2 protein chains.
Amino acid sequence: MAGKANGRKARNGRNGGGGTTMNDIARHAGVSPMTVSRALSDPSSVSEKMRRKVDAAVRQFGYLPNRIAGSLSSKRSNVVGLVVPSIRNSLYAAMIHAISDVARANGLHLMIANSGHRLEDEEALVSALLAQRVCGLVLHNTAHSKRLRELLARTDIPVIETGNLPAKPIDMVVSYSNFDAARAMTGHLGRLGYRRIGFVTLPLRDNDRSRERRRGYFAALKELGLPADPGLVLEAPGGFAEGADALVRLVQTHPDIDACFFAGDVLAVGALFECQRRGWAVPGRVAIASFDDLDLLRHTVPTVTTLRIPRQDIGRRSAELLVNRLRGASPQKVRIDVGFEIVQREST
Amino acid sequence: MAGKANGRKARNGRNGGGGTTMNDIARHAGVSPMTVSRALSDPSSVSEKMRRKVDAAVRQFGYLPNRIAGSLSSKRSNVVGLVVPSIRNSLYAAMIHAISDVARANGLHLMIANSGHRLEDEEALVSALLAQRVCGLVLHNTAHSKRLRELLARTDIPVIETGNLPAKPIDMVVSYSNFDAARAMTGHLGRLGYRRIGFVTLPLRDNDRSRERRRGYFAALKELGLPADPGLVLEAPGGFAEGADALVRLVQTHPDIDACFFAGDVLAVGALFECQRRGWAVPGRVAIASFDDLDLLRHTVPTVTTLRIPRQDIGRRSAELLVNRLRGASPQKVRIDVGFEIVQREST
DNA sequence: CCGTTCTGTGGTATCGCTACCAACCTATAG
DNA sequence: CTATAGGTTGGTAGCGATACCACAGAACGG
């Protein structure tokens, strides 16, 4: 004996499967390990009789196949890697949720990492995910470090970028255009008759999405024939208080401001609450527009005009593209623009 | 040649590491594979000279070690499994974020799954995670299916339950008491002088947390010497509209209601907005209290009295417990009550 | 100067599963 | 009754790493 119980410690021995291996199941079912493998991964490829024997043994031992061994052997994994700038943000949460659903329906698992908006961290996390041999990647970011681009260029797993429509995608992209969206909303405000439109942006550093939005704002002003006043643009970290603060500063330095477009929904809501507090009529004193259709914006008083970005669609379609590619679809570059929609509400 | 390129298809061939294996690195560095393994996993165990040779070869090839093979061989994985009722909910997001940070600082990855509040799904997901040989589990739920309890009993990986303080924990628990929290808030409202306190609960089915909260509400009423009127209790799915609707119904059926305690923050905010819309003074007409300290509640007008649950602490401490156990801490049952705090604000 | 400890390195044997090929058995046709 | 095809089953050889043991040379004491 000792034949099996060799020297190595069985540290993780009874990992749920009771430490049982496929060989044990095979022995007890009186079939070969290969038959067990087949019975579990493709039941239709074995005879009814074999299947029953295997199933019985599996149930008896509560056997759970070791996917680590399976992945190593088959050189295929069933884990998708996902890197988002922040897990805490509900925008990403909606996307993650959709990806998770599609993934699960296709037998895939999700390994989620958050980069905290730091490109170096994104690079390190993707490396780690590749070391885990994920079968696909979704990155909510399109402005990568040089080394990450090189790393991804050498990979042959499918990669999906989202969050923006980049000029030079790595592989597949599913997103909307931050530029177009911000331009459209600014234009919308102009057409509603607002003339002094402020703009509050999220941090611009290492964030092409923020920069694109600001570019869109300026482009729209130009199209509207309105002067671009840099004093009407403020950069603020995301947060209710920061949004409130930004609006107050804009109103105080530019009393003629008649509308303000916030490039982040939390900023907008913070500003709205501040208006309630100060008794500033919205949109009477100042109109407020937001970015991203948080559920919340539909319920505040007044309700807030915003851009609806189909976050869930982005997640779903990203996952579907991944699944298709894993199923053998040819690796052609795909670029899906899911678009956006202006939702006109009471605040403008 | 062909020596390496044997019959098997290299489907996942160049997974980021260029398909390079440790053997390749060893050959090119002129050392044994074992030295490469050691140089990478514990550089101090290898001489300066060897380390440099290995590092050079690793950089030259952009080699990424295959953790799947590593895990299989070492019977150790560096992936933690996490099951939450809903990824979309920001409460869980705060906890996930904290877990993610601690995990990352300790070289661990996160596999996240959402059960959608369904116990059968939780069971299936945990099975799948165990099959992936996760090195630890965090479950945001304490009311498991019988089969899941059996499954987990046979496992020897650390398991953390959270979301409630169960009577019979599986392994380790990090949570607060939903009963105590709801009781404390209801008592608080009573001590503020409110006499007709409504209660709006989230769905009770398959959710021990909701049930505990309701139990706490009734316990507090008893202690306050107030009658328990079942008509003052409403069950509502989470959502702004649902909260608004619940409050309106309570006010219409019980005009003497003077306070309402919502067991979910979104419900409370929805109700608050409805009050703004209808011009009902808060707390003049009806006081509003909430559960869970969403950032939002600190900024609404009026600000909302609520229970602060240290979600981030829960995540951090859960992860720390896991890490300690993985580092060899003895498997003793741990039960951490992180407590809660009543945050009295303008709405009551 | 030799034996002993210590440190660093290499070889071998798996980890638990799946791909591939070969062998078998039952059908069906000639 | 034999030949060919089709559908199942089993054996073997890895997947790419690590654990363990053995061993070579350096460092040390008597």
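Below, each value reflects all heavy atoms present in this structure, side chains not excepted, and no hydrogens, waters or symmetry copies. The model shown is predicted, which means the values in this text are computed figures rather than measured ones. Chain letters run A, B, ... following the sequence lines, proteins first, then strands; residues in each count from 1.
Within residues 31-38 of chain B, the residues having any heavy atom closer than 4.0 Å to DNA chain C are, in order of number, B/Val31, B/Ser32, B/Met34, B/Thr35, B/Arg38. Near DNA chain D, meaning a heavy atom under 4.0 Å from it, residues 48-58 of chain A has A/Met50 in order of number.
The terminal axes of the helix from C/dC1-D/dG30 to C/dG30-D/dC1, fitted over 5 pairs per end, subtend an angle of 40° to the nearest 10°.
Every residue two or more places apart in sequence or in another chain that forms a ring-ring contact (aromatic ring centres under 6.0 Å, His included) with A/His140 is listed here: A/Tyr92. For A/Asp171, the salt bridge (Lys or Arg N to Asp or Glu O under 4.0 Å) partners two or more places apart in sequence, or in a different chain, are A/Arg325. Contacts of A/Arg51 classified as salt bridge (Lys or Arg N to Asp or Glu O under 4.0 Å), with partners at least two apart in sequence or in another chain: A/Glu48. Contacts of B/Pro65 classified as side-chain contact (heavy atoms from CB on, under 4.5 Å), with partners at least two apart in sequence or in another chain: B/Tyr63.
Residue A/Lys75 contributes atom NZ, which lies 11 Å from atom C1' of C/dA19 at whole-angstrom precision.
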Distance-only check: which donor-acceptor pairs under 3.5 Å involve side-chain atoms of residues 107-115 of chain B, not counting sequence neighbours?
unit_1	atom_1	unit_2	atom_2	d
B/Asn114	OD1	A/Ser100	OG	3.2
B/Asn114	ND2	A/His97	NE2	2.9
B/Ser115	OG	B/His117	N	3.3

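Counting only residues at least two apart or on different chains, no ring-ring contact (aromatic ring centres under 6.0 Å, His included) pair has a member in residues 313-334 of chain B. The ring-ring contact (aromatic ring centres under 6.0 Å, His included) contacts involving residues 23-52 of chain B comprise B/His28-B/Phe61, where partners must be two or more places apart or lie in separate chains. Within the structure, the side chain to side chain donor-acceptor pair (under 3.5 Å) test picks out the following pairs touching residues 79-89 of chain B (sequence neighbours left out): A/Gln312-B/Arg88.
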Contact list (N/O, under 3.5 angstrom) for nucleotides 22-28 of chain D vs protein:
none

